[in-house]
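In what follows, a single structure is set out as structure tokens and then discussed.
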Amino acid sequence: MTIAAARQPLVFIVSGPSGSGKSTLVAKMLEVPGTMLSISSTTRPPRATESPGKWYDFISEEEFDRRASQGEFLEYARVFGKHWYGTPRRSLEEARCKGLDLVLEIDVQGAEQVKKELPNAVAIFILPPARDELERRLRARGQDSEDAIKRRLDRAGQEIQRYTEYDFLVVNDDVERAGREVQAITVAARCLRSCLSERARKILESFGG
Ligand code: 5GP
């Protein structure tokens, strides 16, 4: 049995304003062996570049309501006051069965719910280097109208106020360095005393601890 398989999955929460580059950093975390991504369910329609089942399970509002009322989500929230997003509980089950750690890329409302249910979840907040730079990145994506950019910037301000609810802050001014930081957090969290592995528990027991 691998060391990872001998303990409960660690749950990593990654949040940050849109344009902070969190998806790129999540991809860096997934390069660390022993991790897997939780595929969220959403009522948002897929973008042209998105294939179903890779980052999202795209479902109707009716189906989302049904799953929410059956308690199938670990957390769920309406993001940008528009579409619904939720983390299926079965992601956690899958991680447990496979002996992998689970990475959730979710917003601040979802992070709060997960932390309540799983207090040992490790929460990472991705900060853009500066407000001006975030604005520049949002414009460069060419994805949003002026109004939408303004809304995203306002929302970024509100989300960033909640940084105190996170265990780690990573500034994404240099994607290589920020990538190394999230990978280091992923590896180091496995040694947290609160995430004691079966192996460590046995060693401690053999010493009478
Ligand atoms: P997008 O539609 O641009 O992919 O994502 C919009 C926002 O929804 C992002 O902040 C993303 O982190 C958040 N999000 C994605 N999946 C989930 C989820 O399962 N739960 C919650 N609460 N937020 C999510």
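Predicted model only: the values in this text are computed from it and were never measured. Read the numbers this way: they start at 1 and go in the same order the structure lists the ligands and their atoms.
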Item to check | Distance-only side-chain donor-acceptor flag, S15 / E159, under 3.5 Å | outcome: no

Item to check | With E165 via side-chain contact (heavy atoms from CB on, under 4.5 Å) - residues at least two apart | outcome: E112, R162

Checklist entry - Would you call the rings of Y76 and W84 parallel, tilted or perpendicular if under 30° counts as parallel and over 60° as perpendicular? => result tilted

Checklist entry - Centres of the F73 and F64 rings: under 6.0 Å? => result yes

Checklist entry - Between R152 and D147, does at least one N-O distance fall below 4.0 Å, as a salt bridge requires? => result no

Checklist outcome for this item: Output for ligand 1, non-hydrogen cut-off under 4.0 Å, lists K22, S40, R44, R47, Y56, E75, A77, V79, F80, Y85, G86, T87, E105, I106, D107, G110

Next on the checklist: Less than 4.0 angstrom from a charged side-chain N to a carboxylate O is my criterion; do R136 and D132 meet it?
Outcome noted: no

